[in-house]
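The next block holds one structure in the form of structure tokens; read it before the comments.
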Amino acid sequence: MLLLGRMVRLLSVIMGFLFVYNMKAMPVYADETLVDAWKRQMQESSGASDKEKYNQAPQLSVDDICEMNQGNAVFLYNEQGYVSFLQGKFFEEKVTDAEKGVESLMGIADLLGLSKGAEFFAVYGEQDAYGYRYFTYKQRYGDLTLENASLKIVLDPEGYTAGLVSSFTSNVGIAREEESAVTAREAEEIVREHNKGNYIKIYTEYTRQTSVTIQGVAYHAWAVFTSLPAGETENGGKAYLEHLIGYEGSYLTYVAVSSPEEQVMGDNAQMELALSYFEGLTAETYTGEITLHDGRKRRVSLPVAKDAEGIYYLADVNRHIFLADYYSYDFQGKFVPWTSPDNTGWPEHYLAVYESYIKVYDFYRDHGLTSVDGFGSPILILTDYCDSRKVPVNNAVYLGMCGGWVVFSASAANDFGECVDVAAHEFTHGITDYTVGGNLYQNAYGAVNEGISDVCGNLCELLLGETNDDTWLLGENSGNAVRSMSAPWLYGQPSKLYDRFYYPETGSPVLENDYGGVHTNSSLVGYVGYRLCAEGMTEETAFELWMGMLRLMTPKSGYQEVHEALKFAAGIQGMDEGWQIKIDEICKSCGY
């Protein structure tokens, strides 16, 4: 059975506009990029010059596509009225490679809002266990990639289009050639001034130029990454803020992000450096007892590593997992691992954390996904999660890809280390980031992200036999559950859109409002996950369904996309049609 990992990840080398595809050589002319090929095809289709109409390919209407699919096509639209989700065939020919995928989009450019100036490149391809293939593209604005702008083409086992999902910016236009009036250091100073009175750490090594879309308008900007303000680290679940400074020097906005690094699948230059920490270490085992939060004892047997001097480390040389101190790593730039001269005295609290993450790692690997990205990226678990004053933070967080590591945190302020569902929740955040092609962590988009982690974390815990809880609590094995997916209102969460606990969307998603209530409204997805299993769907089938749904999502997928993507995934996986009807009923009962 598939799950997101049991797919064939086919490629991914991106260098500027260069696109190298490993499945077969692309028929792109010498010195021509995929963007050039897109322009060439549109010009050749009409004989038009670059100054004339950009795309002369005959444009399909919604009615045309419905007729092509015998009336069974499904459409969703973005706020500008352009297609963001399509289930159905939209191109008559087989799509054999990424360039042919570009050609397939030419006939629906008007529906997608791909006007003159639209530029994009292929990122990677994948194939699932059912023979469906997925080509993912990223959008550019001038010489920079637009953040959270991705498009996926879905192909059936015969190679014909079966649908697409898109978070491309519509009618983005041709990027102006402009140079920044401020330098990177000046952009960082603007951020400092904007946060006057709040201690923040600026990660200067990650400051970079980028392109973003704000309220439908594309901007060139500096991205400056900081820690959260002191005292705010318990709010939101993301460890970094990305501050966006316009080229003219204006402070545009900030967004919460899981990593300051640009995530490129299978192509992280720093990964080799992270892996070097395991060189010279040999695998050993620690066996002993840990005391749980309720006083019970549990015997554990965990991998440790030993160096040539006989020093032991809380590390797994086979899975490539290391445990180290959070404060030293984040605030002092030092890698300080847990060590022991004789393989004794390990902090019991973090042995529990270590054990939980190993169980989750193995669970996803057994379902075909090695680490969060499918490429086996090494994992760093930072313990004693705290703020700049060493005050413990009561949270568990996925910290993104940093220094070649996939980084998670664990805190002494709680017992979440004993909870496989919490570890799986955070691990799933990493999978979501890579699979959907970004992370727009605000309002409905962020709530969907959180809800998927809630569902998959709980299913992982259930399938591993780590709980007897049939009410789908999150974190119940710590003695302090934080959410209920079966009865969300018990924890102040909504069971449907606009009920009394629903947090309304905001035009200013900030720390103080949890980025538009992403943790409050996560129940709108979690409740659907619980209800499907309560209606008789097996836990294994449900897990496969939700992982399949992830491949049909983009960073701008909201509740309606969850609804339709679940049905789409159920069809791809050959589930009984009755389940698609049941998905319809449950999602509609939740208000979407």
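Values below: all heavy atoms of this structure, side chains included; hydrogens, waters and symmetry mates excluded.
Counting only heavy atoms from C-beta outward, the side chains of V455 and W546 approach each other to under 4.5 Å. When side chains are defined from C-beta on, S259 does not count as touching L399, because their heavy atoms never get closer than 4.5 Å. Using a 4.5 Å heavy-atom cutoff, the side chains of F90 and I153 are in contact. Using a 4.5 Å cut-off on side-chain heavy atoms (C-beta onward), T253 and I214 make contact. When side chains are defined from C-beta on, S371 counts as touching V406, because their heavy atoms get closer than 4.5 Å. Counting heavy atoms from C-beta on, the side chains of M547 and Y364 come closer than 4.5 Å. Between L164 and L112 there is a side-chain heavy-atom pair separated by less than 4.5 Å. The shortest side-chain heavy-atom distance between E242 and V224 does not fall under the 4.5 Å cut-off.
For F168 and F120, the ring centers sit closer than 6.0 Å to each other. The distance between the ring centers of Y240 and F225 does not fall below 6.0 angstrom. Less than 6.0 angstrom separates the ring centroid of F408 from the ring centroid of Y398. Ring to ring, W405 and Y277 are close: their centroids are under 6.0 angstrom apart.
The cationic atom of K138 (NZ for Lys, CZ for Arg) does not lie both less than 6.0 Å from the six-membered ring centre of F121 and within 45° of the ring axis. Remark: K390 is positioned above the aromatic ring of Y327, its terminal NZ or CZ atom under 6.0 angstrom from the ring centre and at most 45 degrees off the axis.
The side chain to side chain contact (heavy atoms under 4.5 Å, CB included) with V95 is formed by just one residue from the set V102, L155, V154; it is L155.
Ring geometry, Y77 versus F75: the interplanar angle falls under 30°, so the pair is classed parallel (tilted spans 30 to 60°).
A donor-acceptor contact closer than 3.5 angstrom is absent between the side chains of H220 and Y141. Remark: the N449 side chain and the N439 side chain contain an N/O donor-acceptor pair separated by less than 3.5 Å.
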Determine, step by step, whether E126 and R133 satisfy the salt bridge (Lys or Arg N to Asp or Glu O under 4.0 Å) criterion, reporting the C-alpha distance in whole Å, the side-chain angles of both residues, the deciding distance to 0.1 Å, and the verdict. CA-CA 6 Å; E126 60 192 21; R133 287 185 296 153; over 6 Å; no

* List the steps, then state whether ring pair (Phe, Tyr, Trp, His ring centres under 6.0 Å) holds for F335 with F322. => CA-CA 10 Å; F335 185 88; F322 234 115; 5.4 Å; yes

